[in-house]
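Sequence lines set the chain letters: A, B, ... in the order given, protein chains first and strands last, and positions in each chain run from 1. Heavy-atom basis, side chains included; hydrogens, waters and symmetry copies ignored. Remember, it's a predicted structure, so these values are computed and weren't measured experimentally.
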Protein chains: 2
Amino acid sequence: MVAQLKRSKKPSEGWIYDQVFDAILEQRLLPDTKLTEKDLCDVFGVSRTIIRKVLLRLSLDKVVKHRPNRGAVIAAPEPDEVREIFEARRLLEDGIVAEAARKCTPEDADVLTDIASREHAFIHAGENSDAIRLSGDFHLRLADIAGNRPLRELLRQLVAQTSLAIARYVPSGSGMCENDDHDRLIAAISEGDVRQSRDIMKRHLTACERRLMLDTPEGSKNLHAVFADVVAAQ
Amino acid sequence: MVAQLKRSKKPSEGWIYDQVFDAILEQRLLPDTKLTEKDLCDVFGVSRTIIRKVLLRLSLDKVVKHRPNRGAVIAAPEPDEVREIFEARRLLEDGIVAEAARKCTPEDADVLTDIASREHAFIHAGENSDAIRLSGDFHLRLADIAGNRPLRELLRQLVAQTSLAIARYVPSGSGMCENDDHDRLIAAISEGDVRQSRDIMKRHLTACERRLMLDTPEGSKNLHAVFADVVAAQ
DNA sequence: CGACGTATAATTGTATACAATTTGATGCTC
DNA sequence: GAGCATCAAATTGTATACAATTATACGTCG
């Protein structure tokens, strides 16, 4: 449970950052969760100096929202932000997948196939956390193949923000829907078919965005919408 | 004379960050310049806590390189990094300029024209720092018009890194060469000509990349000299 | 004179102390 | 009991103290 008790050495800033980032990717940390510095200090057994560095990095990644004098919370992207995230991903991954289709080696394809098959297994088993993480891994792996570091870094942030968007705008009951987009992508990329790779990616991202209920904010997200009727009837 | 003693209020972290970032954009801070924490503390009159936050943000922007236990220096991008920067910019700005051409209002065009004309004036006057900053402003303004915040943020970083690349790989004597790329871009965007806008942007970035060559970067002045003006003016 | 090793200074990394601010509770007034 | 002011506790923001590491100066030895 508490990892550092098993370890003799203190966890480093980078390791703690990875743990929190992964928890966000796997939706074990959900939007609006408060991240109290003291609590994180206790959990990881380090001083606030380290925790504050981690929180600063996460807030620059836009996965944590920093409210002056009021602490940090897991980001809860608004509908218009989510649309920008997907618009950015469409542009980025259009270029990435095109380059990947040009550069992909058989070994690269094998890695992609492995990720996709494990992803299918987790979806089948209803293990949503792992499935979402692997889906992100798949997209990042494409960026690795394309080989552009600035683009990969932005995509890494956008993938995490996408995870938060899904947590917020997909009904919690509905698991990830199974589809063969990734498999078809692997096929097109392996053949070096740039045009088809781009087409599949574009449709894939758009389909993913459509599954989000961006127009119907649930819960306490948008109080104006929640109370629109009663206020209007008044 | 100690300039910061005249100031009534302490500079904030964000303001100091902007000052350093601007100094990089304007090439008053050149690649490989050592950023000693104590010196920056003295210059801005704050504690190391603040300076270290600033340096962390700058290093995540990839304009400062952080070497464990050995301090921070202004980044000096290697040739392969520079190629990735321009490749990323071509992809990003292709999408940005296309969207800008669709959305650009007459007021937007006026702002762009104003930036471009001031840019010409500075190039004519041989004021390279200001010309480079305005060139960056022009590209970022296009991103504002396109209206995608994640893309704008990455472009902001890439523009600064481009400034470092120019500082390193363009002979310091040769001023910015005058051309009408920005003017032609404004014309195409104003007419909503997406195809031509993209074409001009692509050629513009490629031409800019071609002007870079291997060269020995000159050393920069000490930090007090670099920030003398802004500190005194505050 | 140069190479090497040691001592010393300078710099960075981390933890902690203290100040400022916010949050929550208590009690007062009406 | 609702509304409001005030106080106490908790939390965050900043500065500083101390530890760890690196850079520099110096003296010795070859």
Could you encode protein contacts along nucleotides 6-14 of chain D as a string, one character per nucleotide from 5' to 3', using B for base contact, S for sugar-phosphate-only contact and - for no contact, with a heavy-atom cut-off of under 4.0 Å?
-> -----SBBB
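- Salt-bridge check for A:R118 with A:D114: passed, with a basic side-chain N closer than 4.0 Å to an acidic carboxylate O.
- One axis for each end of the helix from C:dC1-D:dG30 to C:dC30-D:dG1, each built from five base pairs, and the angle between them comes to 10° at 10° resolution.
- There is a side-chain donor-acceptor pair under 3.5 Å between B:D61 and B:Y17.
- In summary, the side chains of B:E84 and A:N148 do not present any donor paired with an acceptor at a separation below 3.5 Å, with no hydrogens or angles considered.
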Please tabulate, for the side chains in residues 64-76 of chain A, all donor-acceptor contacts under 3.5 angstrom to protein atoms that are two or more places apart in sequence or on a different chain.
residue : atom : partner : partner atom : Å
A:R67   : NE   : A:G71   : O            : 3.4
A:R67   : NH2  : A:R70   : O            : 2.6

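- Using a 30° and 60° split on the angle between ring planes, B:H182 and B:H204 fall in the perpendicular class, above 60°.
- The nearest pair of heavy atoms linking A:E26 to A:S129 is O-OG, 2.9 Å.
- Checking B:T162 against B:R89 by side-chain atom types alone, a donor-acceptor pair falls below 3.5 Å.
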